[in-house]
Amino acid sequence: MKQRASEGPVKLFDPHIHMTSRTTDDYQAMAAAGIVAVLEPAFWLGQPRTHVGTFEDYFASLLGWERFRASQFGIRHLCTMGLNPKEANNPRVAQGVIDLLPRYLDKEGVVAVGEIGFDDMTPEEEKYFAQQVELAREHDLPILVHTPHRDKKRGTERTLALVRELRFPEERVLIDHNNEETLPLVLATGCWAGHSIYPNTKMDEDRMVALVKKYGAERILINSAADWGVSDPLKVPKTAARMRENGIAAEVIERIVWKNPLAFFAQSGRLDLTEFGETPAVDQRALFEGNSVLRGQTPVVKS
């Protein structure tokens, strides 16, 4: 049967989305749109945290409740762990989080260190970027890098320079939130390039189509980066549909929305690619530490 332009590929992977801030309605809509896997990078929560203990609970929720919640809708959940660049500037927590990270970097489901990088381009951000690159090296993990919203080109240039100075393997680096100005800088290296498709900023569907037509699919990923702000957790399927409507080949789209994120995060050694490609069984009768995603409705059970 011929695939309609509005339909997504069979499998979609959103490799940067902050599901902690999303509702179960979003999980339902994502599953219906063909998303079968997500990756949630550790990041700040909008309000500055005041002590390291709050990170312990946050990291535990990424490994526990959020992974369970995703599974209840047939979606595999991976995460990255790190001190985010914004809170690298918070002396109340920064070093304490660095000291805490080794406890979490060896956990199942953690497939990179991140998101790390730059926000205001401060010396503290650079200091903790370097420390976390070394943690990634020690734990044999790739890194997921946040590029700043302001002065993105300079932030990307400094990021790439630091990766070289620290002699971290470029093929194990994913530089995220790229745009037309920064993508060629990243592709000139061995790093991978992520693009966050947003309703009003960062990157949109049509601009992404133009970039794919110009640069192809090699080392290119897309994500929704959806969080507690104005964002859209369906931007990956919507962008895939826009690519098809503009004549981009199905194999190119599949590479961008499935094969590339799998290939990058498989470098962690923590992905069974055969198992990962199968839709997980769903049993909404299950509980996580006594808690359920249900609120009175009939449980869904799918083998």
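For the single chain, residues carry numbers from 1 onward in sequence order. Because the structure is predicted, anything quoted here is derived from the model rather than measured.
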Would you call R137-E134 a salt bridge at under 4.0 Å N-O?
yes
Rounded to the nearest 0.5 Å, what separation is found between the CH2 atom of W192 and the CD atom of Q267?
6.5 Å
Does the pair K238/E205 count as a salt bridge with the N-to-O cut at 4.0 Å?
no
salt_bridge(R207, E180) N-O dist < 4.0 Å
yes
Using 30° and 60° as the class boundaries, would you call the ring planes of H177 and H146 parallel, tilted or perpendicular?
perpendicular
Let me check something: do F59 and I98 share a hydrophobic cluster, defined by ILVMFWY side-chain heavy atoms less than 4.5 Å apart, either directly or through other members?
yes
Which of parallel (below 30°), tilted (30 to 60°) and perpendicular (above 60°) describes W65 and F288?
tilted
Please work out whether the ring planes of W228 and W44 are parallel, tilted or perpendicular, with thresholds of 30° and 60°.
perpendicular
Electrostatic pair R158:E126 at N-O distance under 4.0 angstrom:
yes
Pair R22-S231, side-chain donor/acceptor within less than 3.5 Å:
yes
Is any side-chain N of the basic residue among K86 and E125 closer than 4.0 Å to the acidic one's carboxylate O?
no
Are the aromatic rings of F43 and Y58 close, with centres under 6.0 Å apart?
no
